[in-house]
A.B. asks: 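This structure is in structure tokens; I'll ask about it shortly.
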There are 2 protein chains.
Amino acid sequence: MTVTLADVAARARVSPATVSRVLNGNYPVAASTRERVLRAVDELDYVLNGPASSLAAATSDLVGILVNDIADPFFGIMAGAAQSAIGEGASGRAGGEKLAVVCNTGGSPERELTYLTLLQRQRAAAVILTGGSLEDEEHMAAVAAKLTKLADAGTRVVLCGRPPVPGDASVAALTFDNRSGARRLTEHLLSLGHRRIGYAAGPADRTTTRHRLEGHREAMAAAGLADGQETLTVHGAYDRGAGYDATLELLRREPSLTAIVAANDTVALGACAALRDRGLSIPGDVSVAGFDDLPFSVDAVPALTTVRLPLHEAGARAGRLAMATEEAPPGGVTTIPAELMVRDSTAPPRS
Amino acid sequence: MTVTLADVAARARVSPATVSRVLNGNYPVAASTRERVLRAVDELDYVLNGPASSLAAATSDLVGILVNDIADPFFGIMAGAAQSAIGEGASGRAGGEKLAVVCNTGGSPERELTYLTLLQRQRAAAVILTGGSLEDEEHMAAVAAKLTKLADAGTRVVLCGRPPVPGDASVAALTFDNRSGARRLTEHLLSLGHRRIGYAAGPADRTTTRHRLEGHREAMAAAGLADGQETLTVHGAYDRGAGYDATLELLRREPSLTAIVAANDTVALGACAALRDRGLSIPGDVSVAGFDDLPFSVDAVPALTTVRLPLHEAGARAGRLAMATEEAPPGGVTTIPAELMVRDSTAPPRS
DNA sequence: CTGTTAGCGCATTCAG
DNA sequence: CTGAATGCGCTAACAG
């Protein structure tokens, strides 16, 4: 029924071991023999049995990439870049073929752990976790424990856009400098003359949210505007609707607002929509700023002032770390800088 | 070193077979024994060996979802919905846990085939192919052959947003009604009074591109405007830059254009950017329409007239078909309707 | 360079 | 309801 390696061996009049060797290509085999085997493989339309192979070799070619929201280009760009880097790592010849695969947690801690367990079951060659983490004591400990276990079992673990696991240098981490990016963005607004700045934050319990918010508040505090920050902050999801709602709420709390900083570009778009619906012009009445510099941000009307994160580069690098094509720095942590992009959605407040 | 089922069995003072039975939960086991086993699993921190399990059972819990561009929300939305549907299919109890996983082909036919082969190696439980297919005779035949082989080997194959494989009813297909959606969109423009309509098409060799273009031309032909369509069509990628470039080219070829129909919403955004850069107003000087109705389209300025595809619903359904939670209709093909969304980016041409 | 020999860890028969 | 035995298909020594 199903054709096995032994069948190919018989057809090619060689031993199963030899067939295995030509298929994996990591062993010297005479060219003529290889020819014969390859032909038999072709004639029999043989497909290697992955599970059997993984079992015998005690390794697998699966590489898991975990993302919080696969419908969000923020993750899509990183995941795509990582997947490409991994695919190219196979460097021409088959056998090195890794199966790079993305898993969507939807931001759910349970699903994150479930995927990690599933990947652990599969003895994944590597795991890449992208994006911010949930800041729940228990969950973070559970994830850290699992990552350590994975790393101990030989799967390479890479964090991309996520804070490092404290005290585990076996886990390479690429972390975005969200805090200082956010600080510079708010400094830009302050230098323009804004004083009453609303903040449409992401979910309260995420590292990315906290770091960006902290950067914002640092800048505000440095300008002597530490007071009343709670009132000027509204939390919500990282999506368009949350930006819309947060903006209406901020306007209600502080009608004299002259600027709104959003948790990311998508939220900023929602903020813009809300302002327009309120009849306010951007940046005439209210300035708006985002974060990430996703591809659509430059096409927004007005073009969005934001903070650029090199998502593609980060993802590619994570892929290379996962393939061990690139070495992690000592300590394992690399901080990736963020760049302020000033465009048309921010301007001095109406005097 | 690595703890196995046998270790758990020893610890729980039962046979390996019993441990296997409680882990898979598809066999009667005394409650007290189960307790004991579960405790041992916990104490030993045992993790099932996926490959070994798959080998012995000749099945796997991997479900592959192939997408053309993971950074494009069009695919992200479908993939996310499918993944959710599959995750929920596990209905509470572990053991039914499927590992739903998305694979990014980047639109490359080689990578598509490679992923299919890799999934075949893994004896994947199901495979979902999303989005349009490359219209290359040879490649289509190769994919069809592989899909048939996969289906024969017991993996469920589902197409989502892709034309059915001719003559293979074992492959369930959910196909979008791109043609009639496109026709209605162009009819809308015609009814507004437009006559010189440019078309910023997708890549020339993709089914989605062709179907949408055909719908457009049907409408044009029905209005007696069949001539000169070649001149009024420019092909490019499904991205922002292509829309930008195509628009400039269309304007060069036909400066009196009053409307531009784009291959999808992202392309439409690029078109809008190009028009603005040319100093043309939307829809005052030129109307613009997209396709898909991605989330950002309603926030574009002006809000984009487009054709809505129920991506989330389609993805969820594909997931259920893959889980066999839902039955495919006889023949296996379901056509999913498209809905015209008239918004602010289209208006009558300047008289 | 190639064949032989053992398992890899688990899911199943089949008996009890 | 539980245990003992067998083999899934392949890779990895180890010889030649």
Side-chain angles (χ1 to χ4, degrees), chain A residues 1-38 40-41 44-61 94-97 118 120-123 125 153-154, chain B residues 1-38 40-41 44-61 94-97 118 120-123 125 153-154:
Chain A
M1 175 63 225
T2 158
V3 24
T4 77
L5 208 168
D7 299 330
V8 176
R11 190 91 155 78
R13 315 198 127 280
V14 295
S15 75
T18 300
V19 177
S20 172
R21 293 198 264 253
V22 340
L23 257 33
N24 292 307
N26 16 317
Y27 243 73
V29 173
S32 63
T33 336
R34 168 183 296 110
E35 276 307 311
R36 208 138 35 88
V37 170
L38 257 20
V41 165
L44 266 48
D45 204 26
Y46 169 70
V47 177
L48 190 69
N49 183 316
S53 161
S54 294
L55 173 57
T59 64
S60 132
D61 49 9
E97 295 294 28
L118 255 22
Q120 188 180 11
R121 267 192 190 12
Q122 303 301 324
R123 306 304 192 247
Chain B
M1 178 63 226
T2 159
V3 25
T4 76
L5 209 167
D7 299 330
V8 176
R11 190 92 155 76
R13 314 197 128 282
V14 295
S15 76
T18 301
V19 178
S20 171
R21 294 199 262 253
V22 341
L23 257 33
N24 292 306
N26 14 320
Y27 240 72
V29 173
S32 64
T33 335
R34 168 183 294 112
E35 277 308 312
R36 210 139 34 89
V37 170
L38 258 19
V41 165
L44 267 47
D45 205 24
Y46 169 70
V47 176
L48 190 68
N49 184 315
S53 161
S54 293
L55 173 58
T59 63
S60 133
D61 49 8
E97 294 295 25
L118 255 22
Q120 188 181 10
R121 268 194 192 8
Q122 304 301 325
R123 307 300 191 249

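Note that the structure is a prediction, hence the values are computed from the model and not measured. Order of the sequence lines sets the chain letters (A, B, ...), proteins ahead of strands, with each chain counted from 1.
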A.B. asks: CD of B/Glu35 versus C1' of D/dC1: gap in Å, rounded?
C.D. replies: 16 Å
A.B. asks: Quick check: closest heavy atoms across B/Arg123 and A/Thr2, and the distance to 0.1 Å?
C.D. replies: NH2-OG1, 4.5 Å
A.B. asks: Which atoms form the tightest heavy-atom contact between B/Tyr46 and B/Thr4, and what is the distance?
C.D. replies: CE1-C, 3.5 Å
A.B. asks: In the 5'-to-3' direction, what one-character label does each nucleotide of nucleotides 9-16 of chain C receive under the scheme B = base within less than 4.0 Å of a protein heavy atom, S = sugar-phosphate only, - = no such atom?
C.D. replies: BBBBB---
A.B. asks: How far apart are the closest heavy atoms of A/Arg13 and A/Arg36, and which atoms are they?
C.D. replies: O-NH1, 3.8 Å
A.B. asks: Please set out all donor-acceptor pairs under 3.5 angstrom arising from side-chain atoms of residues 48-55 of chain B, sequence neighbours excluded.
C.D. replies:
from    : atom 1 : to      : atom 2 : distance (Å)
B/Asn49 : OD1    : B/Ala52 : N      : 3.0
B/Ser54 : OG     : B/Gly50 : O      : 3.1
B/Ser54 : OG     : B/Thr59 : O      : 3.2

A.B. asks: Rounded to the nearest angstrom, tell me the gap between atom CZ in B/Arg121 and atom C1' in D/dT11.
C.D. replies: 14 Å
A.B. asks: Shortest non-hydrogen contact from A/Val37 to A/Val22?
C.D. replies: CG1-CG2, 3.6 Å
